[in-house]
Amino acid sequence: MPELPEIEVLRRSLEPRLLGRRIVGVEVHTPALREPLDRRALRRRLQGQSILALRRRSKYLWIEVSGGSTLVVHLGMSGRLTLAPAGAPREAHEHLAFGLDSGERLRLRDPRRFGIAFAAPTAALARDPHFAGLGREPLDPPLAGPELSALARGCRAPAKAFLMDAKRLVGVGNIYASESLFAAGIHPARSVARLSAARWRRLAVAVVEVLERAIRAGGTTLNDFADGTGAAGYFQVELAVYGREGEPCPRCGAAIRRLVQSNRSSFYCPRCQR
DNA sequence: CGGGCGGCCTGGAGGC
DNA sequence: TGCCTCCAGGCCGCCC
């Protein structure tokens with residue numbers, strides 16, 4: 001669920017509330033999310049430091065602090081990173097929290113524990129294994145057809161799998177892959193090995209537009225996602241095909257179908273997508 | 001080496 | 001009402 005738009009919405013919601021704040025306490029409640037939480041490194045790198053910048057890379061949030069370190073957070077499937085007022089009780093599945101000089105607490109809740117959190121030297125992030133092999137950011141600058149086509153060089157995968165291959169293009173997960181392919185009129189099972197230039201152009205435009213619209217709508221909240229203030233997004237009401245098997249296509253009225261690819265559900269219109 | 005797929009994990013939905 | 005099964009999907013590792 002948290003794909004690029006959700007993390008960007010989270011980043012924008014937290015940025016004005018966190019910039020300049022000082023981290024006064026680091027609480028680690030759970031030994032491991034998807035990776036072990038390193039309590040000592042989190043404390044050593046973050047405690048007492050001021051928050052300088054919030055950035056996003058792929059589906060990761062980077063919170064850069066003074067002293068040369070950055071806190072990296074990935075929400076996995078069910079994570080929430082929210083600011084809690086002073087004195088708020090610990091919530092269920094709260095694994096990690098940072099006390100701030102404002103008295104608030106920045107806390108990570110993640111029932112399914114697919115998330116990731118660690119602190120690392122800012123200067124070494126580009127070489128960090130989490131980031132070294134990542135592909136192109138689709139929005140900065142906005143992707144165009146020829147470049148998307150070039151990213152697919154040597155790739156014969158179905159279009160759905162290509163869009164979700166973070167080594168080539170980051171940020172597009174299961175929901176926005178289905179939505180982008182619908183917007184471009186491309187069948188999710190079509191191989192990208194021989195797509196026309198016109199189709200590459202339509203796909204690039206579709207990816208950029210879908211992601212930007214989702215950001216403007218505050219992201220997609222199906223179950224878990226909320227921004228840093230706890231607010232849900234509302235792009236779920238604008239989804240054209242995702243999760244709508246059997247419903248009429250918003251463009252042509254044909255029944256939307258579901259297809260399983262790589263153990264993931266893809267949704268598409270059999271008439272509009274070829 | 002590209003690509004498919006299982007596993008990690010829990011809550012919620014649906015069937016009986 | 002309660003128990004069971006299934007499903008959700010980001011990402012890594014395994015396998016063909």
Output side-chain donor-acceptor pairs under 3.5 Å for residues 79-89 of chain A, partner residues at least two apart or in another chain, one line each.
residue: Arg80(A); atom: NE; partner: Asp224(A); partner atom: O; Å: 2.7
residue: Arg80(A); atom: NH2; partner: Asp224(A); partner atom: O; Å: 3.2

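- When heavy atoms are screened at a 4.0 angstrom cut-off, Ser265(A) is found touching the sugar-phosphate backbone but no base atom.
- Salt-bridge check for Glu104(A) with Arg17(A): failed, with every basic side-chain N at 4.0 Å or more from each acidic carboxylate O.
- Residue pairs meeting the salt bridge (charged side-chain N to carboxylate O under 4.0 Å, His left out) criterion with at least one partner in residues 258-273 of chain A, sequence neighbours excluded, are Glu245(A)-Arg258(A).
- With sequence neighbours excluded, the residues forming a salt bridge (Lys or Arg N to Asp or Glu O under 4.0 Å) with Asp101(A) are Arg21(A), listed by chain and number.
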Using the 3.5 Å cut-off, write out each protein N or O paired with an N or O of nucleotides 11-15 of chain C and the distance between them.
residue: dC11(C); atom: OP1; partner: His74(A); partner atom: NE2; Å: 2.5
residue: dC11(C); atom: OP2; partner: Lys59(A); partner atom: NZ; Å: 3.3
residue: dC11(C); atom: N4; partner: Arg264(A); partner atom: NH2; Å: 2.2

For DNA chain B, what is the dot-bracket line, given that a base pair needs Watson-Crick (N1 to N3, plus N6-O4 or O6-N4) or G-U wobble (N1-O2 and O6-N3) geometry with both distances under 3.5 Å, and | means paired with another strand?
-> .|||||||.|||||||
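- For the residue pair Ser69(A) and Arg45(A), a side-chain donor N or O sits within less than 3.5 Å of a side-chain acceptor on the partner.
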Under 3.5 Å, N/O pairs linking protein and nucleotides 13-15 of chain B:
none

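- For residues 27-38 of chain A, the pairs satisfying salt bridge (charged side-chain N to carboxylate O under 4.0 Å, His left out) are Glu27(A)-Arg105(A), with sequence neighbours left out.
- Per the geometry, CG belonging to Leu75(A) stands 15 Å off C1' belonging to dC9(B), to the nearest Å.
- For the salt bridge (charged side-chain N to carboxylate O under 4.0 Å, His left out) condition, the pairs that include at least one residue of residues 209-219 of chain A, sequence neighbours left out, are Arg213(A)-Glu238(A).
- The pair Arg107(A)-Glu94(A) meets the salt-bridge criterion, since a charged nitrogen lies less than 4.0 angstrom from a carboxylate oxygen.
- Residues Thr70(A) and Glu64(A) have side chains that never bring a donor and an acceptor to within less than 3.5 angstrom of each other.
- Between Arg11(A) and Glu8(A) there is a salt bridge, since at least one side-chain N of the basic residue sits less than 4.0 Å from a carboxylate O of the acidic one.
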What protein N or O atoms touch nucleotides 10-12 of chain B N or O atoms at under 3.5 angstrom, if any, and at what distances?
residue: dT10(B); atom: OP1; partner: Arg113(A); partner atom: NH2; Å: 2.6
residue: dT10(B); atom: O2; partner: Arg112(A); partner atom: NE; Å: 3.4
residue: dG11(B); atom: OP1; partner: His93(A); partner atom: NE2; Å: 2.8

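- Think of Tyr60(A) as one node in a network of Ile, Leu, Val, Met, Phe, Trp and Tyr side chains linked at under 4.5 Å; its network also takes in Trp62(A), Val72(A), Ile116(A), Phe118(A), Leu125(A), Phe131(A), Leu134(A), Val170(A).
- Listed by first and then second residue, the salt bridge (charged side-chain N to carboxylate O under 4.0 Å, His left out) pairs involving residues 146-167 of chain A are Arg136(A)-Glu147(A), Asp165(A)-Arg168(A) (not counting sequence neighbours).
- With both ends at atom P, the span from dC6(C) to dG6(B) equals 14 Å, rounded to whole Å.
- Side-chain contact check for Thr220(A) and Tyr176(A): at least one donor-acceptor pair (N or O, by modelled atom type) lies under 3.5 Å.
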Kindly give the atom pairs (protein nitrogen or oxygen, nucleotide nitrogen or oxygen) under 3.5 Å for nucleotides 3-5 of chain B.
residue: dG3(B); atom: OP1; partner: Arg156(A); partner atom: N; Å: 2.4
residue: dG3(B); atom: OP1; partner: Ala157(A); partner atom: N; Å: 2.8

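- Rounded to an integer number of Å, the gap from Tyr176(A) OH to dA8(C) C1' is 15 Å.
- The shortest side-chain heavy-atom distance between Gln261(A) and Pro188(A) falls under the 4.5 Å cut-off.
- Taking atom P on both dC5(B) and dC7(C), the two are 15 Å apart, rounded to the nearest angstrom.
- Relative ring orientation between His187(A) and Tyr268(A) is described as tilted, the plane-to-plane angle lying within the 30° to 60° band.
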